[in-house]
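Since the structure comes first, as structure tokens, the remarks are kept for the end.
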Amino acid sequence: MNTYNTEDLYLAAFLTAQGFPVIQWNRETGLTDFAFEQSAELSQLVGAYYADRVTTSPLQYGNSLKN
């Protein structure tokens with residue numbers, strides 16, 4: 001299985017709020033590395049996130065950050 005990994009907590013919370021579950025996480029250097037199953041949809045969403053072209057439910061996003 002190919003994975004997409006990020007240490008960006010806010011991106012990880014956004015992806016989780018969009019329905020992409022974290023499949024693995026690892027904390028070694030003081031930062032947590034979050035892994036998601038790689039897909040074309042996930043890649044497009046990550047690109048849109050960094051281009052500031054996304055919206056999400058504030059409640060879902062807040063809950064994702066807490067979890």
Side-chain angles (χ1 to χ4, degrees):
M1 170 189 325
N2 290 334
T3 60
Y4 174 81
N5 294 64
T6 183
E7 292 179 344
D8 185 335
L9 172 65
Y10 301 106
L11 172 60
F14 171 74
L15 292 174
T16 303
Q18 296 299 307
F20 293 92
V22 173
I23 57 173
Q24 185 177 357
W25 59 271
N26 186 28
R27 185 176 178 105
E28 287 186 16
T29 62
L31 295 174
T32 302
D33 181 60
F34 300 94
F36 296 87
E37 186 174 347
Q38 180 67 40
S39 70
E41 183 183 0
L42 182 114
S43 294
Q44 290 175 344
L45 200 55
V46 169
Y49 173 87
Y50 282 118
D52 198 22
R53 295 187 323 248
V54 294
T55 59
T56 191
S57 161
L59 185 57
Q60 286 178 323
Y61 184 70
N63 286 338
S64 294
L65 277 171
K66 291 175 191 173
N67 291 330

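Heavy-atom basis, side chains included; hydrogens, waters and symmetry copies ignored. Keep in mind that this is a model prediction, so the values were computed, not measured.
Remark: Thr56 engages Gln18 in a side chain to side chain donor-acceptor pair (under 3.5 Å) (not counting sequence neighbours). Scanning for side-chain contact (heavy atoms from CB on, under 4.5 Å) contacts around Thr29 gives Glu7, Leu31, with sequence neighbours left out. When the side chain to side chain donor-acceptor pair (under 3.5 Å) test is applied to Thr32, the partners found at least two apart in sequence or on another chain are Arg27. In this structure Gln38 satisfies the side chain to side chain donor-acceptor pair (under 3.5 Å) test together with Ser43, sequence neighbours excluded. Remark: Gln44 pairs with no residue by the side chain to side chain donor-acceptor pair (under 3.5 Å) rule, at least two apart or across chains.
Between the side chains of Asn5 and Thr3, at least one donor-acceptor pair of N or O atoms lies under 3.5 Å. The closest side-chain donor-acceptor pair between Asn26 and Gln24, if any, does not fall under 3.5 angstrom.
In terms of heavy-atom proximity, Ser64 sits nearest to Ala17 at OG-N, 3.3 Å.
Alongside Leu45, the hydrophobic cluster contains Tyr4, Leu9, Tyr10, Leu11, Phe14, Leu15, Phe20, Val22, Trp25, Phe34, Phe36, Leu42, Val46, Tyr49, Tyr50, Val54, Tyr61, Leu65 (criterion: ILVMFWY side chains under 4.5 Å). Other members of the hydrophobic cluster containing Ile23, listed by chain and number, are Met1; membership follows side-chain contacts under 4.5 Å among ILVMFWY residues, whether direct or relayed.
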